[in-house]
Amino acid sequence: MRFLITGGCGFIGSAVVRRLVASTPHEVVTVDKMTYAASEDALGAALGHPRHRLIRADITDAAAMRAVFEAHRPDIVMHLAAAVSGIPCMGGG
């Protein structure tokens, strides 16, 4: 089985990627735009693992995502990519 994880270099996404690579026999494809919230280091041992592939791409780029889906044919997609902007802080800050 092949998983495609969007936002896989973020806090939650990287935890999912690390767990899948460490605890299952499945292949994992990580797609991340690598913005302020992303870190390759967060992938830990998954980064160099033979069942893991990191693709630097923007999920809003239809051509890039079409190429990812055509090349990797995922069975499961976990959409964990997110961007936060313009949200006021709690307490009115």
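For clarity, every value in this text was computed on a predicted model and none was experimentally measured.
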message: Which Ile, Leu, Val, Met, Phe, Trp or Tyr residues join Met34 in one cluster when any pair of side-chain heavy atoms under 4.5 Å counts as a link?
response: none
- prompt: For the side chain of Ser23 and the backbone of Leu20, is there at least one donor-acceptor N/O pair under 3.5 Å apart?
  reply: no
field: Shortest non-hydrogen contact from Leu80 toward Thr6
entry: N-OG1, 2.9 Å
query: Distance-only, no hydrogens or angles: does the Ser14 side chain make a donor-acceptor pair with backbone N or O of Gly8 under 3.5 Å?
result: no
query: Does atom CD1 of Ile12 have more than 12 heavy-atom neighbours, drawn from other residues, nucleotides or ligands, at distances under 6.0 Å?
result: no
- prompt: Can you hop from Val31 to Phe3 via hydrophobic side chains spaced under 4.5 Å?
  reply: no
task: Return the minimal non-hydrogen interatomic distance between Asp32 and Thr35, and the atom names on each side.
output: OD1-N, 4.3 Å
message: Once salt bridge (charged side-chain N to carboxylate O under 4.0 Å, His left out) is applied, do any residues pair with Asp75, and if so which ones, sequence neighbours excluded?
response: none
task: Kindly write out the residues that satisfy salt bridge (charged side-chain N to carboxylate O under 4.0 Å, His left out) with Arg2, not counting sequence neighbours, or none if the list is empty.
output: Glu27
task: Working to the nearest 0.5 Å, report the span between CZ of Arg18 and NE2 of His49.
output: 14.0 Å
- prompt: Do Val17 and Val29 share a hydrophobic cluster, counting only Ile, Leu, Val, Met, Phe, Trp and Tyr and linking them when any side-chain heavy atoms are less than 4.5 Å apart?
  reply: no
task: Count the heavy atoms of every other residue, nucleotide or ligand shown that sit under 6.0 Å from CZ of Arg51, and state whether that count exceeds 12.
output: yes
- request: Please name the pair of heavy atoms, one in Ala64 and one in Ala57, separated by the smallest distance, quoted to 0.1 Å.
  value: CB-CB, 4.3 Å
query: Looking only at heavy atoms, which two atoms of Leu4 and Pro74 are closest? And how far apart?
result: CB-CB, 3.7 Å
task: Assess whether side-chain contact (heavy atoms from CB on, under 4.5 Å) is satisfied between Met65 and Ile59, documenting all intermediate values.
output: CA-CA 6 Å; Met65 293 309 296; Ile59 61 167; 4.2 Å; yes
query: Linking I/L/V/M/F/W/Y whenever any side-chain heavy atoms sit under 4.5 Å apart, do Val68 and Ile76 land together?
result: no
field: Heavy-atom closest pair, residues Ile55 and His72
entry: CD1-NE2, 3.4 Å
- prompt: Transitively linked via ILVMFWY side-chain contacts under 4.5 Å: Val16 with Leu54?
  reply: yes
- prompt: Between the side chains of Thr60 and Asp58, is a donor N or O closer than 3.5 angstrom to an acceptor N or O?
  reply: yes
